[in-house]
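All values below come from the heavy atoms of this structure, side chains included, with hydrogens, waters and symmetry mates left out. The sequence lines fix the lettering, A, B, ..., with proteins before strands; numbering per chain opens at 1.
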Amino acid sequence: MSAAEAAASEGVSSDAAPRLNKPKHVQYWKRCLKVYLPDYYTANDSTRMALAFFTVSALDLLGVLDESMKEEERRGYIDWIYNCQHPDGGFKGFPGGSGNQWDPATVPATCFALLSLLVLRDDLTRVKRRECLLWLNRMQRGDGSFGETLSGEGKVEGGYDSRFGYTATCVRWILRGNAEGEVDGVPDVDVDAFVRCVRAAEAYDGGISEAPFHEAHGGFTYCAVSALAFLDRISSLSSIPLTVQWLASRQTLTLTSLDVLSTDGDEATAPAVVSTPPSPSSPGFDVPAELRCSPAGFNGRCNKLADTCYVFWIMGSLCNLSALDVVNVPAAREYLLEQTAHRIGGFGKSPEDPPDLYHSFLGLAALALGGGEVPPFAEVKPLVPAACVSVETCEFLVGLPWRREVGPREPEAIERYLG
Amino acid sequence: MSRKPQNKLTPLSEDPKWEDVIPIPQEEGSAHPLASIAYAENYSEAMDYLRAVMATNEMSERVLELTERVIRMNPAHYTVWLYRARTLFTLNHDLYAEIAWLNPTALRHQKNYQIWHHRQTLINALDSADGEIPFLTQMFEKDSKNYHVWSYRQWLVKRFDLWDAGEIESVEELLKKDVRNNSAWNHRWFVVFGRPDTDAFKDEEIVKREIEFAKSQIRLAPQNQSPWSYLRGIIRQASLPLSSLREFAEEFAVFGKMDQVRSSHALALVADIYAEEPNGTAKATLALDMLAIRYDPIRVNYWEYKKKQLPPSSPVAAGT
């Protein structure tokens, strides 16, 4: 029995625990699937594949994917994704470009396309696997980092950070499991060089940043740790205890800018937000503990406000490190369910904020995290933290005949969630 | 930020400048697309023309106008910026004029990667950082923790060798305004310890200076985690004993006066120091218990996890 199942068999928390207004969330995501998104999503037009992924994966986590679409629609969605496949391998972030060098595949879009196809139960046989793997190798730079896209001259464009390393290693995992050596005659990416990049971006406080000497950040930490999970190289982190400490430190009671807790008189020159309870010597410090622990969100960087998405980035990272139980998960769920869940469904970034697809998906995905000693939240399907899709969807992938042939062994951080 | 200008744009189809171009409409390739967006008409039209000029690889003044029109509505488009940069270089366009256009764009779209990449391409080609630091200061006035701006600033310092050009002073200026600005703390770390070809951790004078600076800032606001992380980072990377911080940490949290703790970070540090001492487990356990119960109860599980990692307590220590 897997850890997730073991936890599931223990059932959910007490009657007093806040609940998910599931019908509203289902309604929100069905609307995203069927109705045109409002024009302010134009700024996300180039990353429609990510929005597509959030939509189908959310419906899957809510357990309503099949009832949300007719068979003909499901096939239509799959065709839409394949229409974004680039002839030379990989997927584009949106359809209908110029058809030349200005219309390239990107690493994140390829990851989101493959995951969406799996959620829709496509067996990926129309994926140009060999071309995709060849292209993926070209997306890795000499220093080991991955970029976003290739220029017309074959130069790797885009940042050097772990967002691209994460999505690249996810593509690798989907298409070739954790196989070493050649697949379809294509050599593996340079795993050791990539791992060196991750280590170089470790910050002095134990978090992981965009690049060497940049500030530790929850999103980059999740991407880096999840990439190591796909590569079965979690143990390559310089210090897992230090990273766990940094992650645990991200849990915060400072939920909005109005929550600037009054602190010592000697701190009056520093009016910024605090990440922890007021200074212990201040008058407010002796409030009974139970009143000060919940709801509690997560921030992405030291001394910043809580934000829905960081509940996922931080708790997801901890899951990969088998350490979710070092944080207060019930307080985080309460933060999501009672503070940032919106009455029309979905989640906003902060309390009172309107929902958007990004925060709505990550809020739901955060609720779906469990494992170890933390029982999963019963109203959503359990999720594989690194892959960001349901356990069921991952099991569908690893059960595909071609996948069993190329990658018979799953990385440990994935395997322990599978049945 | 006004939305008026984009609504008043002349449709390209009515502009004689564009009459030779046949726009290419968006092909979804399926009767059931995902994530369809209700585009404004002028966006759809601009994208149709963009596809057409990209398809012929046109590099012209009107391409600059068109890319500007697209960027205004979709600044995260990943090839439109590359295309614009190529066009600028092909036309030998005035790059300072481009920077002048880019500045308000960056101020308008605070959370955008592409703008900063574009800026880097331009400034790299101009081979001059003139005016950059004042502009970044303007960005920091809006958000002194903007991640993209700090990343760009690191690139600037490295590219133009600005290590001694006032970086530490500007960090201190920002910390005076907000001692909890972790981005500013991180930048200090970069400027002091990130210089290529030097190992500041081996320079006793620098290490001492930085330790004293962190301590002075902790005394201003003992519950601020940023300088504590900075301090412990130095101790770790300079391979100094954690116990060298004992006296300082005990200014804020000391065994025997657990009801007078002034900083949970100090208490966590003394717990780690006690844990390293022979027979220190009992004292460390008490410190961790105080964190769990009273001073940092939100992290009760974390402090319990730390307790499990302590060496077993000896009978003598338990009695102290």
| request: May I ask you to test the A/Ser239-B/Arg236 pair for a side-chain heavy-atom distance under 4.5 Å? | output: no
| Of the backbone (N, CA, C, O) and the side chain (C-beta and beyond), which part of B/Phe252 lies under 4.5 Å from a heavy atom of chain A, both, or neither? | neither
| request: Could I get the full list of side chain to side chain donor-acceptor pair (under 3.5 Å) partners for A/Asp161, not counting sequence neighbours? | output: A/Arg163
| query | What part of B/Tyr78 gets closer than 4.5 Å to chain A, counting heavy atoms only: side chain, backbone, both or neither? | reply | both
| message | Out of A/Asn44, A/Val35, A/Thr106, return the one with the most heavy atom pairs under 4.5 angstrom to chain B. | response | A/Thr106
| message | Is B/His77 in contact with chain A via its backbone, its side chain, both, or neither, using a 4.5 Å heavy-atom distance? | response | both
| query | Mind checking whether B/Asn182 and A/Lys304 have side chains closer than 4.5 Å, heavy atoms only? | reply | no
| chain A heavy atoms under 4.5 Å from B/Tyr305: which part of the residue, side chain, backbone, both or neither? | side chain
| task | With the side chain counted from C-beta on, respond yes when B/Asn74 and A/Ser46 share a heavy-atom pair under 4.5 Å apart, and no when they do not. | result | yes
| query | Any idea which of A/Ile81, A/Thr55, A/Val244 has the most non-hydrogen atom pairs under 4.5 angstrom with chain B? | reply | A/Val244
| said: Quick check on B/Glu28 against chain A: is it the side chain, the backbone, both or neither that has a heavy atom closer than 4.5 Å? | reply: both
| query | Side chains of A/Ser116 and B/Leu34: does their closest heavy-atom pair fall under 4.5 Å? | reply | no
| task | Classify the ring geometry between B/Trp189 and A/Tyr204 as parallel (under 30°), tilted (30 to 60°) or perpendicular (over 60°). | result | parallel
| remark: Heavy-atom closest pair (A/Val326 atom, B/Asn301 atom, distance to 0.1 Å) is O-CB, 3.5 Å
| said: Report which part of B/Trp228 has an atom under 4.5 Å of a heavy atom belonging to chain A: side chain, backbone, both, or neither. | reply: neither
| field | Any B/Arg86 side-chain heavy atom under 4.5 Å of A/Trp102 side chain | value | yes
| Donor-acceptor under 3.5 Å (B/Ser30 side chain, A/Gly76 main chain) | yes
| Under a 4.5 Å heavy-atom cut-off, does chain A meet the side chain of B/Ala76, its backbone, both or neither? | both
| note | Whatever's closer than 4.5 Å to a heavy atom in chain B on A/Ala331 counts as neither
| Should the ring pair A/Tyr77 and B/His32 be called parallel, tilted or perpendicular, given that the plane angle runs from 0 to 90° and is split at 30 and 60? | perpendicular
| task | Go through the steps for B/Met54 and A/Asp103 under the test side chain to side chain contact (heavy atoms under 4.5 Å, CB included), then give the verdict. | result | CA-CA 9 Å; B/Met54 279 179 163; A/Asp103 188 21; over 6 Å; no
| request: Heavy-atom pairs under 4.5 Å with chain B are the metric here; pick the option from A/Asp79, A/Asn100, A/Ile78 that has the most. | output: A/Asn100
| Under 4.5 Å from any heavy atom of chain B - which part of A/Pro212 | backbone
| request: Give, as side chain, backbone, both or neither, the part of B/Leu82 having an atom under 4.5 angstrom from any heavy atom of chain A. | output: both
| note | Here the pair of heavy atoms bringing B/Asn186 nearest to A/His214 is ND2-C, 3.2 Å
| request: Kindly say whether B/Ser183 contributes a backbone atom to a donor-acceptor pair with the side chain of A/Arg301 at under 3.5 angstrom? | output: no
| Side chain, backbone, both or neither: which part of B/Tyr113 has an atom under 4.5 Å from a heavy atom of chain A? | side chain
| query | Do A/Asp39 and B/Tyr43 have a side chain donor and acceptor closer than 3.5 Å? | reply | no
| message | Quick check on A/Glu157 against chain B: is it the side chain, the backbone, both or neither that has a heavy atom closer than 4.5 Å? | response | side chain
| Which one, A/Tyr82, A/Phe54, A/Phe220, leads in non-hydrogen pairs under 4.5 Å with chain B? | A/Phe220
| said: When you compare the side chain of B/Lys306 with that of A/Gln245, does any pair of heavy atoms fall below 4.5 Å? | reply: no
